[in-house]
Amino acid sequence: MPSPIDRTLALLFVSTSPITSLEISRALQLTEGQVEQALELLETQLAESGPLQLLRLAGGYQLSTKAEYVNDVAALLQPERSKLSRSLMEVLAIIAYRQPITTAEIEEIRGASCDYGIRALAERRLIEEKGRRPTPGRPMLYGTTDEFLHQFKMDSLADLPAVAPALFALPVAAAAVRESAEH
Amino acid sequence: MPSPIDRTLALLFVSTSPITSLEISRALQLTEGQVEQALELLETQLAESGPLQLLRLAGGYQLSTKAEYVNDVAALLQPERSKLSRSLMEVLAIIAYRQPITTAEIEEIRGASCDYGIRALAERRLIEEKGRRPTPGRPMLYGTTDEFLHQFKMDSLADLPAVAPALFALPVAAAAVRESAEH
Amino acid sequence: MPPRLEMRDSPDVPHGVTALGVVAPPPLQISCPAFEGSLAMLFACVREHRVDLMEVALSPVCEAYLAYLVSLPETDLDEAAAALAALAYLLERKAWLLIPVPEPEPEPYEEPDLPHPGLDSDYHLAIDALQTWHAERADWFFRDGEAAVTAYELPYRLEHVSAADLAREFQRVLQRAKPQETPILSRPRRSIADELRRVADRLSPEPAPLWQVLGYAETKSDCVYGFLAVLELVRLGQARVHVAEDAVSVSAVLAPRAAVLAGGHA
C-alpha cells in the first residue's frame, strides 16, 4: 500500500489548480489531520531535494517547480515575457506596500484581476499567505516573503522606498481614507 | 547548480505532452547524450519510489502517475472512462496495421461499412488524413496519430502488438516486428 | 425479364454512376477458380495486383460482353464504353503478361498483399492486445493540458529589478487608481432636496447595501447628508430598510417620483 505522502503527491501532480486538504482527504479516504501531516512531510521532503516544491495558495495546495528552475522552464516553454512582467510588477508592488492585503483590495487598486499574478508570484516565493482577515467571508491576506527581501536586497520592509505620502493613503479601508481626505 | 536529473524532471513536470530528449537538451543546453543519461537515471529513480513514473510515449518522454494510484486519482478527478466499441477497435486496428489505407480497402477487409468508424476515430483524434492515393478517384488515405500512440501507450508504430506478424504491411513497423518475431 | 436486370441486382457493383462520378461497367459476372465477381471487381483486383490474371480466361468474358451488347436493344452507351475500357485494360495487361519482357512493367503504386475478405483471427488477437493496452493506459494520469501551461508563463527576471522600480510601479498604479482631487476651498451649502433626489436615484426595488446607496459619498459630510436623506425617504414611506444578521440594506418603495420630491421640499 503506497504511503499517504506518495498518494497525496499523486493527487497534487494531476491537479493544475490548488486543491484543499479536504478534497485530498475525501479522495484518499483519510482524515484531514492525516492529510495535513502528509502535506507537511511532503513539503519538507520536496524542499530538501528535487526540482519541485509544495505551495499553499488560496487556501489550497499546489505543486510547482522551484524558482531556480525558472530559466530552464522558460527555455522550454518560451512563454511571453514582456506582457506579463508589468502586471506582475504591479501586483507585487501593491502587496509590498499595502500588506497584508486581500485579492479584492488589490483588484480595487489595480482595476484588474490579479489571480494569475498572485499565483505566479507565490510560485516564485515572492509572496505568501499571511492568514485571513476577520471580516465576513474571511478573505485570505497576502504579504511578501523573506525571499522577496532577499531578491530586492532589503533587510526589512522599512527599506522600501518612500512613495508620495498623499498617494499613499488610498482605497484599502474606505472609511479611513475618506476621513483623511477631509482634512 | 541543480543536477541534470532535477533539471530534466522540472521540464517533464511542466510538459503536458511528451517531449523529446532533443527538446530537453536544447532547453537545458546539454548534449543529448547527457539528457539520455539523466532520463535513464530518472526513470530508475522514479520506478524505485514515489508515485510518478517516466514513460516513453508517442516518440517522447512524459511523466504520469503509477498505475497503483489509479483509484486515488480517479476519486479526485472522476474522469469519464471512454471505452472504444469493438467495431471502432476493428477499424482502428485495420488502419493501424495497414496505414496508409483507404475506406474502400478497410471495408473490403472488414466486410462492412466503416464511415461511422472513420468519423468517430477522427473525432477522437486517433486517426487522421494522410493524403490521397494517386489512383483514379484519388481516394483519401488514413493513418494513425500521435494521440493514438499515446492512448495505446506506444512509443512508435513498431510497438504494435506483435501477436500477428502476418498483418504487418507497413514498412516502418514491419522490419522491427518481424525481427522480434523471429527471435 | 431481361438478363441485364438480373445482373444489376448484384450487390457488388452499383449500376450507373458511382460515388466517384465514374460510370461503372455493367455487372457482368465472372466465375472461375481464381476469381469470382463482377467485371468491375476483376478490373479493380487486377489493377491492384490482387488477382493473377494468368489464371483468368478472358475469352469467355469477351463473349459475354458481346452477348450483352447484342442482347440488349436499349444498351446504355456509357455503360458499354466503361465495360469496353475495362476489358481492353485486362486484355492489354494479359498480353503484357504473356509476352516475356526484359524489364518489369512499371508500377505507379506498390500495394501490399491484402488478407482475405473478412477479419481473420490475427486481427482479433491484435484488437484484444490493443484493447488491453488501452485499458491499462487509463490507469495513468498526466498533468492536465491547458491549465498547466498558463501557470508557467512567469519567467519574470528579477536581476534587473530594484526596490526603486517597485516604488515607481506602485506610484503609477496609485495615480491610475485615483486621479488627483481638486481641493475644496469652502464647504458648499447643501439642499436636502438635492440629497433626496440623489439618494432616490440610487434606490431600486431590490434591497441594496447602505454603502452602495451612499456610493457617491466621498467625505464624512457626504455620508451624513446621504444618511439623513435615507432617513427622510423612510419617513416619507418611499424607502424601506432591511436589517439582516450582518448587513443593512435599503430598497425603494414603488411610488410616483413627484411625491418624493414634493415631500422633500415640504
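All values reported here derive from a predicted model rather than from experimental measurement. Proteins come first, then strands; the chains are lettered A, B, ... in the order of their sequence lines, and each starts at number 1.
- Nearest heavy-atom pair, B:Ala27 versus A:Ala75, reported as atom, atom and distance to 0.1 Å: O-CB, 3.5 Å.
- With chain A as partner, the option from B:Ile24, B:Ile19, B:Asp6, B:Asn71 having the largest number of non-hydrogen pairs under 4.5 angstrom is B:Asp6.
- The 12-atom threshold is exceeded at CD of A:Glu107, counting heavy atoms of other residues, nucleotides or ligands nearer than 6.0 Å.
- Atom CG of residue A:Leu9 and atom CG of residue B:Leu52 lie 5.5 Å apart, to the nearest 0.5 angstrom.
- No more than 12 heavy atoms of other residues, nucleotides or ligands shown are found within 6.0 angstrom of CD on B:Gln37.
- Within a 6.0 Å radius of CD in A:Glu32, other residues, nucleotides and ligands contribute more than 12 heavy atoms.
- Taking CZ of A:Arg7 as the reference point, atom CG of B:Leu76 lies at 12.0 Å (rounded to 0.5 Å).
- Counting non-hydrogen atoms of other residues, nucleotides and ligands closer than 6.0 Å to CD of B:Glu68 gives a total above 12.
- Counting heavy atoms from C-beta outward, B:Leu63 and A:Phe13 have side chains that approach closer than 4.5 Å.
- Contact of A:Ser15 with chain B is made through the side chain alone, with heavy-atom distances under 4.5 Å.
- Summarising the local packing, CZ of B:Arg132 is surrounded by more than 12 heavy atoms from other residues, nucleotides or ligands at distances under 6.0 Å.
- Atoms CG and OG1, from B:Leu12 and A:Thr65 in turn, are 12.0 Å apart once rounded to the nearest 0.5 Å.
- In this structure, B:Tyr69 and A:Leu11 have side chains that are not in contact, with every pair of non-hydrogen atoms separated by 4.5 Å or more.
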